Amino acid sequence: METIKQRKQTAVYVYEAPLRLWHWVTVFSIITLCITGYFIGSPLPTMPGEASDHFLMGYIRFAHFTAGYIVAVGFLGRIYWAFVGNSHARELFLVPIFSGKWWKEVGHEIRWYLFLEKTPKKYIGHNPLGQLSMFCFFVVGITFMIITGFALYAEGLGRGSWADTLFGWVVPLMGQSQDLHTWHHLGMWYLIIFVMMHVYVAIREDIMSRQSLISTMIGGWRMFKDDKPD
Ligand code: HEM
Ligand code: HEM
């Protein structure tokens with residue numbers, strides 16, 4: 001006769017509410033920034049009538065700048081949370097690159113993602129490869145986009161504005177205004193590459209690694225599912 005196996009589940013509280021809220025606000029803002037940014041770079045075919053009447057590009061730019069402010073203020077808040085939040089709130093910024101053990105785990109994760117390892121490792125916070133890619137793609141990428149974005153914004157606000165004082169130096173550093181536009185535009189594709197990999201691995205890990213991922217970024221708890229009977 002078949003017996004029902006007892007399945008053990010352990011749950012650990014990982015991501016606190018402000019971090020989770022920041023993640024999803026940033027997700028929606030970045031989607032807005034990519035769509036509106038794309039249209040700033042490649043505007044729609046000419047609209048009939050006076051530009052100031054339909055104000056299409058005006059609304060697109062307005063949405064871009066609003067989402068830009070939200071991402072920038074949110075990122076400052078996220079840095080603050082790295083100081084006051086739990087230890088997992090620091091993982092995004094403190095990558096232990098001097099630890100040999102950590103690099104070995106990165107190697108294991110690469111083999112696991114390439115389907116060369118059979119058993120997944122369990123991590124309470126980010127797995128080492130996730131941590132590395134989040135720093136290299138997201139932290140570096142979003143910092144670059146905020147700095148170049150506000151440097152472009154400074155051109156609109158004009159000489160002597162707060163944005164010009166804080167970010168005006170970026171324009172000559174990159175060459176001239178068109179170079180700044182091009183680098184800011186390229187930065188979008190850098191972030192899009194991250195998002196494609198990130199969403200793929202989040203869904204893949206949720207299915208394959210016997211631990212919760214996406215619901216952890218919604219409710220905060222990581223669930224470890226253990227197949228072995230008690
Ligand atoms: C614009 C799109 C996105 C960006 C820029 C982004 C960025 C990030 C960042 C920076 C983190 C690290 C959080 C921290 O330590 O503070 C993170 C974690 C996470 N994100 Fe996203 N994310 C995006 C979209 C998504 C989507 C659509 C999903 C769901 C399918 C998702 C699922 C997750 C999960 C599950 C984690 C936690 C991973 C772990 O526990 O190691 N993200 N994301
Ligand atoms: C995820 C972050 C961001 C993405 C993906 C993004 C994307 C883009 C793209 C693709 C363009 C068009 C560049 C071109 O080809 O000329 C653009 C322009 C611009 N972005 Fe962003 N951006 C981001 C963040 C920001 C931030 C934080 C700001 C600050 C307010 C900002 C301000 C601007 C400005 C002022 C322009 C030029 C508008 C114009 O010339 O009419 N961006 N952005």
Side-chain angles (χ1 to χ4, degrees), residues 14-16 18-43 57-58 60-75 77-79 81-82 85-94 109 123-131 133-135 137-139 141-157 163 167 177-206 209 211-222:
V14 187
Y15 301 121
E16 296 155 299
L19 189 150
R20 276 144 41 210
L21 183 69
W22 166 79
H23 177 265
W24 295 111
V25 168
T26 303
V27 170
F28 289 115
S29 307
I30 289 185
I31 292 171
T32 308
L33 282 160
C34 289
I35 296 170
T36 53
Y38 179 82
F39 284 123
I40 293 171
S42 313
M57 285 310 292
I60 290 177
R61 291 174 81 235
F62 176 69
H64 193 81
F65 304 155
T66 308
Y69 268 103
I70 294 173
V71 158
V73 172
F75 192 57
R78 180 64 186 83
I79 294 171
W81 196 253
N86 67 14
S87 66
H88 302 299
R90 283 181 273 287
E91 286 171 6
L92 183 60
F93 302 99
L94 296 180
E109 286 304 299
Y123 296 97
I124 293 176
H126 298 316
N127 81 52
L129 184 61
Q131 192 182 8
S133 69
M134 277 168 194
F135 183 85
F137 277 95
F138 180 79
V139 175
I142 205 73
T143 307
F144 180 81
M145 291 311 277
I146 291 171
I147 293 174
T148 51
F150 277 104
L152 285 168
Y153 194 63
E155 294 193 316
L157 287 189
F167 301 101
S177 178
Q178 184 53 52
D179 299 305
L180 183 58
H181 271 267
T182 307
W183 281 109
H184 188 73
H185 201 127
L186 272 177
M188 173 177 74
W189 292 108
Y190 188 71
L191 275 180
I192 289 176
I193 290 171
F194 165 75
V195 173
M196 290 196 301
M197 294 191 303
H198 178 67
V199 174
Y200 164 71
V201 293
I203 295 171
R204 179 189 186 274
E205 283 298 276
D206 224 331
S209 76
Q211 57 203 314
S212 68
L213 260 284
I214 298 168
S215 59
T216 311
M217 214 14 119
I218 296 170
W221 290 83
R222 173 99 70 222

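Every number for a ligand or one of its atoms is a count from 1 in the order of the listing. What you are looking at is a predicted structure, and each value in this text was computed from that prediction instead of being measured.
Looking at Phe135 against ligand 1, nothing comes within 4.0 Å, counting heavy atoms. When heavy-atom distances to ligand 2 are checked against a 4.0 Å cut-off, Met57 has no atom that comes that close, whether in backbone or side chain. At a 4.0 Å heavy-atom cut-off, ligand 1 does not touch Ile31 at all.
Inter-residue side-chain proximity for Phe137 and Met197 is flagged as met; some heavy-atom pair is nearer than 4.5 Å. Contact of the Tyr15 side chain with the His23 side chain is not registered, since no non-hydrogen atoms from C-beta on lie closer than 4.5 Å. Looking at Leu191 and Met188, their side chains never come closer than 4.5 Å, going by heavy atoms from C-beta outward. At least one side-chain heavy atom of Ile79 sits less than 4.5 Å from a side-chain heavy atom of Phe75. Looking at Tyr38 and Ile192, their side chains never come closer than 4.5 Å, going by heavy atoms from C-beta outward. Contact check for Arg78 versus Leu92: side-chain heavy atoms found under the 4.5 Å cut-off. Taking the side chain as every heavy atom from C-beta outward, Asp206 and Gln211 never approach each other to under 4.5 Å. Counting heavy atoms from C-beta on, the side chains of Leu152 and His181 come closer than 4.5 Å.
The shortest N/O to N/O separation between His126 and ligand 1 falls below 3.5 Å. In terms of N/O distances under 3.5 Å, ligand 1 is approached by Tyr15. Checked against a 3.5 angstrom limit, the closest N/O atoms of His88 and ligand 1 fall outside it. In terms of polar-atom proximity, defined here as any N/O pair under 3.5 Å, Tyr69 makes no such contact with ligand 2. Of the polar atoms of Tyr153, none of the N or O atoms is found under 3.5 Å from an N or O of ligand 2, judged by distance alone.
No more than 12 heavy atoms of other residues, nucleotides or ligands sit less than 6.0 Å from atom CZ of Phe28. Within a 6.0 Å sphere centred on CH2 of Trp189, heavy atoms belonging to other residues, nucleotides or ligands number 12 at most.
Considering all non-hydrogen atoms of both residues, Arg20 and Ile218 come closest at NE-O, 3.1 Å.
Trp221 places no side-chain N or O within donor-acceptor distance of the main-chain N or O of Ser215, the cut-off being under 3.5 Å. Side-chain N or O atoms of Glu91 include one that pairs as donor or acceptor with a backbone N or O of His126 at under 3.5 Å.
Atom CD of Glu155 and atom CZ of Phe150 lie 14.0 Å apart (nearest 0.5 Å). Atom CH2 of residue Trp183 and atom CG of residue Asp179 lie 9.0 Å apart, to the nearest 0.5 angstrom. Residue Leu129 holds its CG atom at 9.5 Å from CE of Met134, rounded to the nearest 0.5 Å.
Of all protein atoms, those that are N, O or S and lie under 2.8 Å from atom 21 (Fe) of ligand 1 total 2.
When hydrogens are left out, the protein atom nearest atom 11 (C) of ligand 2 is Gly37 O, 3.5 Å; that is the closest non-hydrogen contact. Protein heavy atom in closest approach to atom 38 (C) of ligand 1: Leu213 CD1, 3.8 Å. Nearest non-hydrogen protein atom to atom 29 (C) of ligand 1 is Trp24 CH2, 3.8 Å. The shortest contact between atom 16 (O) of ligand 2 and any protein heavy atom is with His181 ND1, 2.5 Å. Here the heavy atom of the protein found nearest to atom 20 (N) of ligand 2 is His64 NE2, 2.8 Å. The nearest protein atom to atom 2 (C) of ligand 2, hydrogens excluded, is given as Leu33 CD1, 3.5 Å; this is a heavy-atom distance. Nearest non-hydrogen protein atom to atom 30 (C) of ligand 1 is Ile214 CD1, 3.7 Å. In this structure, the protein non-hydrogen atom closest to atom 28 (C) of ligand 2 is Gly149 CA, 3.5 Å. Looking at atom 15 (O) of ligand 2, its nearest protein heavy atom turns out to be His185 ND1, 2.5 Å. At the shortest separation from atom 7 (C) of ligand 1 among protein heavy atoms lies Phe194 CE2, 3.7 Å. Nearest to atom 4 (C) of ligand 2 among the protein's heavy atoms is Met145 CE, 3.3 Å. Closest to atom 36 (C) of ligand 2 among all protein heavy atoms lies Leu152 CD1, 3.6 Å.
Listed by number with element, the atoms of ligand 1 under 4.0 angstrom from any heavy atom of Ile30 are 1 (C), 5 (C). Taking every non-hydrogen atom of Gly68 and a distance limit under 4.0 Å, the qualifying atoms of ligand 2 come out as 26 (C), 27 (C). The Arg78 neighbourhood of ligand 1 comprises atoms 14 (C), 15 (O), 16 (O), with distances under 4.0 Å to a heavy atom of that residue. Taking a cut-off of under 4.0 Å to the non-hydrogen atoms of Phe138, the atoms of ligand 1 that pass are 5 (C), 10 (C). Remark: ligand 1 atoms within the under-4.0 Å shell around heavy atoms of Arg222 are 39 (C), 40 (O). Applying the 4.0 Å criterion to heavy atoms of Trp22 picks out, from ligand 1, the atoms 10 (C), 16 (O).
With no hydrogens or angles considered, no side-chain donor-acceptor pair links Thr32 and Thr36 at under 3.5 Å.
Checking each of Thr66, Ile70, Val71 against Leu33 for a side chain to side chain contact (heavy atoms under 4.5 Å, CB included) leaves exactly one that passes, namely Val71.
Of the candidates Glu155, His184, Met188, Arg61, the one placing a heavy atom closest to atom 23 (C) of ligand 2 is His184.
For an aromatic pair to be called close, the ring centres must be under 6.0 Å apart, and Tyr153 with His64 fails this.
Within the 4.0 Å heavy-atom shell around ligand 2 one finds Leu191.
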